[in-house]
Chemist: 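I'd like to ask you about the structure that follows.
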Amino acid sequence: MASNSSSSSAQQRLRIIAGHLQKRPEDEHASVAAQECKAETPRSNPSSAAPVPKRRQEIMKWNGWGYSDSRFLFNKKGQAEFTGKRYRLSGLILPSLKDWFEGTFGANLQHKSPATPTVNLSAVAPPNLNEPFIEDLKAAGVAASHDPEDRVFRAHGHCLHEIFALREGRIGRVPDMVVWPSCHSDVEKIVELACKHNVCLIPYGGGTSVSSALECPHEETRSIVSLDTSQMNRILWIDEKNLTAHVEAGIIGQDLERQLNEHGYCTGHEPDSMEFSSLGGWVATRASGMKKNIYGNIEDLVVHIKMVTPRGVIEKSCLGPRMSTGPDIHHFILGSEGTLGVVTEVTMKIRPIPEYQKYGSVVFPNFQQGVACLREVARQRCAPASIRLMDNEQFQFGHALKPQVSSIFTSFLDGLKKFYITKFKGFDPHHLCVATLLFEGDRGKVLQHEKQVYDIAAKFGGLAAGEDNGQRGYMLTFVIAYLRDLGMDYYVIGESFETSVPWDRVLDLCRNVKERIVRECKERGVQFPPLSTCRVTQTYDAGACVYFYFAFNYRGLSDPVHVYEQVEHAAREEILANGGSLSHHHGVGKLRKEWMKESVSGVGLGMLKSVKEYVDPQNIFGNRNLL
Amino acid sequence: ILSYPRHPVLKKRDDFEDVLEERRRSSDLRYALRCYTPTLYKGLVPCKVSVLKSIVLQSDHLQCVIKQVSSESGDSTECVAEEASLILDEMAHRMQLSTVRFFVFTLSKAFKRLFRSVCVNEEGIQRLQQAVQEHPVVLLPSHRSYMDFLMMSYLLYMFDLPLPVIAAGMDFMSMKFIGEMLRMSGAFFIRRSFGGDKLYWAVFSEYVKTMLRKGYAPIEFFLEGTRSRTCKSLTPKTGLLNIVMEPFFKGELFDVSLVPVSISYERVLEESLYARELLGVPKPKESTSGLLKARRVLSEDYGSMHVYFGHPVSVRSLAEGKIKRSQYNLLPRYIPQKPSVDTHEFLNDAAFRLVRIQEENMVLKPWVLIATLLLQNPDGMDLSSLTEQTDWLRHLALAFGAFLDWPDHEACSEVISCSLALHRRLLSVSAGHVQLSVTDAPQVETTPEEAVFQRAVVVLSCASYRNQILHVFLRPALLAVAMQSANSSRKDDIYNCFNFLRNMFSNEFILCPGDSVQDFEEACYLLMKRGVLQVLEHEIVMSASGQSTLAFLCSVLDPFLQGYQVVCRYLCEETNENLTEKEFIPAVRSFCFVSLSSDLQKNALAALLRLKAVRKVKV
């Protein structure tokens, strides 16, 4: 694995370009790279202990997604490029993005809607501090701050309305102070003091929430303290006999993966947000990873959880792999969204890093055939580590992100491929869609597995379409959030949302939700047709996870965010009416709270409420999510 | 969308164009053979008739029911599947463009002979063209004549719209040759009753749903279930409506457009046939030879015909807030599910509202006004007073929002004499005196019974024209009668009386369930605007000038009140404890012969059963 981390990013960029010209040497595949599509940490200090600084704003955007140095922009020639050095796409020109962008949204590069460049600190309300709490905290030796920048950074997740407000320089209720515990016992102290002084605690992990979970409740009158777990980021031990690792919950996905890689292991848990999201956050929201087919979702990965609640610490007494001891107490914690306490330490399953990894893609004549193929793959239980099916709009979107090709030969080959698929095979370019695949394991098995999947695909009219297409599909996942910031520079707003649904309803749900979005936009005066697209991102025995992207050009609207929220609300109603769930992995937060009762029944909600009442009668964990 | 405006008068309606005009000028043959390129549904999955059948037979839903039936009856699944296949063969249409072209040719000839004009609202056609592309469409024409569905297909062909598949009663199938011809022009045949037959229902509903889901063709059926013999709209049936809405409820379709179509005739072809049927002469069986004998109708003048395509009604917006689609989440969708109580209520409400739209878009001819007046004056009227009163009634009807087709630039007397001429079979005019009578009856001696029968035929024929305008006067008339019988001017008392009458007549007329208050307010509003009433906070007072209007409105309902009284009197006096339903109608008829149609008797009995005044005992 050292081969990957030692190769310089420049070399890697060269490799992409070279990859278009020649087939990559086989052994290259062996260089596994969970990070291949994602940002790479500076090479100078590969195992840096504290990659997330307390002052996050120093390396991350305060009003957008991700690292400050990485962003999309249209350069002076009107070409799109991605800045920085962290990603494979960094420094590359994306020649077709402009046309796609203008064509899809009716946007125009002349019409800019730039963001406020810096935080207007005078707009931040002075902190409502609980002095006795602060004094006790100081005595306990816990790091804290009430610097306005620190507070603003922790007052939001990445919902559209949150980012939009920041870009406009509007700042609402923010936490009154931030504390940084460095270990489990720090958290115990903080929670104890919070109870003693009646202070509201909001746990903060990676800050990637898209459910308004981090928003400070307006009705909260107590002092609000944001509990930032980022400094609790150590792997405490690795048990190679049982293949488990005990990790502090503040660790960020990419750090966890990289540090385990150094020991030859991985967790295999790769949510799209893994560059920034934290282990504790995954537990608190029931996160799902791209490669769950091999490694499982977070609930399958955890062996032991330690959580500090106002009532004390909750944990199991042993590391047994399964127990029959009444309802699993882990399931009160998983998905509790910070309403019950702070997850401090987690014992997780780990796996040896797979020997071989291979991307792939299949083109289908239409979405129906693609879904039928995924269903068959699920029926035969032979899903690769990841299999995703993009609809036609997303396929075209993916194409717009193709970097500039360096030779006539490559563009000639591309043309030939296109000719073969559309003319020779008769695929309609406005209907065809593509599935992206990722295989992992030992080499022989991967190749065998690959053949099995491609054989199934062929039965549904699928044509293998190469590794590049597959890899680009996964790259899209990591840069999509950056792309939203680009859109917002040019009057385009959007977001994604997800659901899970039984197999027989996948097609109907996708069609109805997409159409509902288009219709709602029209009815609400959106001047241009929206981008309304979906992909099937996970397969299960009994259903699938579907992910929607929705974006539109808001020129001419007086309150675009309100329109956006109304449309998203309607889309969620449509999902529920078509047999979809309230959420597959984003969680409920405050954004989807209104549907909780309908989703889990009154009794179900009552059960959850009574747990909350017992565990946290003072509502110390007062973010008001979920219930 | 469906809540009709509070001020019906302000309703804007489209203009008409005569589609026969063009037909009279160019070759019918060339027209029938012209290039037909219909606008298509954007999600259309084209498939052949045979493929359609196999999709239906292979569907999860039908397979599931086949297994159920097989395990209940003990027959093998192959056997039940075979039966299903036979049912489908008996039912399915076999649309063929060549047959349609043949119909287009012959109907062009026939329509030109029968009608002076066939008027269609072209804006409605344009709306339909739009709707057809967006979502699967269901056409819901009113049903007054056999002509209805022929005309529908004819018009859709004419305007390059996709030809509909039509749910037709099995009676037609017994017509050799013609039945098959209809099948080849898009009709599919359903048995009149198949209440408990699970398999039949499954085949039928899956067949319709499959066509809808594939966007195969617009589905056409009659909400009223059968031809209305009285020209009054019939209480709608909800079975087929449920079938066409279910794909939306279950998320299989984003939306379905329902298009109410109102077809009105200046003279109904089956005019006297209906009257005889209502008087107990059995309906002649549909047969090809019968049809040939009926050629006679071709030689008569039936005036003009109007077809009004209403605004498409989206099932999605109709169901908004009323149907919780997530109720279907917990059961695989292919397992048949009886509609829930809420769904049933919704279907019923929607069906009533759709029929109301049909009623409101029904064009009324001057003769309808004349017939109303002549029926109220059994001894006849002087032409001059008829003219005067018709003119008065015309203004009243317009004020109440009637869709009246009154020639713009003609004198009232001219219009009236034209109408009288067209309907001369129903009346006699001598020395300026107009009277309903049997003019072409043989003057040889007839028994008194026959004479009464002949007269009843004329009265009922005439009543069928009056019935066309009842929906305009109904609500104010109910209020007028309520005021008369309440013996009080207190609003509450009048409303209670109104409500009682409305309740009693809800089998007779189209009164949307639950709309009692709205109907009352609408009636008050209309009469107040007309200066007939003053509606105060707690009282309703008649204005000095309102007497004649109220008297007229009361006499509109009079025949119905009297008819219901007769039925009640009969039931009270008849001591036979074991009266069967079959015996009921002939018995009442012999009890009081005159002016009682079987339709009214049935409605009255149904109302009494509903109000629990009469008990039905199963023997």
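Letters go in sequence order (proteins before strands), and every chain restarts at 1. Just so you know, these numbers come straight off a predicted model, no measurement behind them.
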Chemist: Determine the minimum heavy-atom distance between A:Asp508 and B:Arg333, stating which atoms define it.
Modeler: OD2-NH1, 2.9 Å

Chemist: Please give me the minimum heavy-atom distance between B:Ser326 and A:Leu576, naming the atom from each residue.
Modeler: CB-O, 3.7 Å

Chemist: Take atom NE2 in A:His431; do more than 12 heavy atoms of anything else shown fall under 6.0 Å from it?
Modeler: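 For A:His431, atom NE2 is not crowded (no more than 12 foreign heavy atoms under 6.0 Å).
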
Chemist: How about NZ on B:Lys214, more than 12 heavy atoms from neighbouring residues, nucleotides or ligands closer than 6.0 Å, or not?
Modeler: no

Chemist: Atom CD of residue position B:Gln129 - does it have more than 12 heavy atoms of other residues, nucleotides or ligands inside 6.0 Å?
Modeler: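 Correct, the count exceeds 12.
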
Chemist: Hey, does the side chain of B:Arg325 reach the backbone of A:Glu574 with a donor-acceptor pair shorter than 3.5 angstrom?
Modeler: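 No, the answer is negative, given that no donor and acceptor are paired below the 3.5 Å cut-off.
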
Chemist: Check this for me: does any side-chain nitrogen of one of A:Glu515 and B:Lys42 sit under 4.0 Å from a carboxylate oxygen of the other?
Modeler: yes

Chemist: Under 3.5 Å, is there a donor-acceptor pair between the side chain of B:Asn329 and the main chain of A:Asn578?
Modeler: no

Chemist: Do other residues, nucleotides or ligands put more than 12 heavy atoms under 6.0 Å from A:Phe528 CZ?
Modeler: yes

Chemist: Give the minimum heavy-atom separation between B:Phe254 and A:Arg511, together with the two atoms involved.
Modeler: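 So the two residues come closest at N-NH2, 4.3 Å.
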
Chemist: What do you reckon, is CD of B:Glu72 surrounded by more than 12 foreign heavy atoms closer than 6.0 Å?
Modeler: yes

Chemist: Might you confirm whether atom NE2 of B:His344 has over 12 heavy atoms from other residues, nucleotides or ligands at distances under 6.0 Å?
Modeler: no

Chemist: Do A:Arg516 and B:Arg316 have side-chain heavy atoms sitting under 4.5 Å apart?
Modeler: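 Yes; the side chains approach each other to less than 4.5 Å.
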
Chemist: Using a strict threshold of under 4.0 Å (side-chain N to carboxylate O), is an ion pair present between A:Arg519 and B:Asp255?
Modeler: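 Looking at A:Arg519 together with B:Asp255, the answer is yes, because their closest N to O distance falls below 4.0 Å.
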
Chemist: Measure B:Ile323 against the heavy atoms of chain A and call it side chain, backbone, both or neither at under 4.5 Å.
Modeler: neither

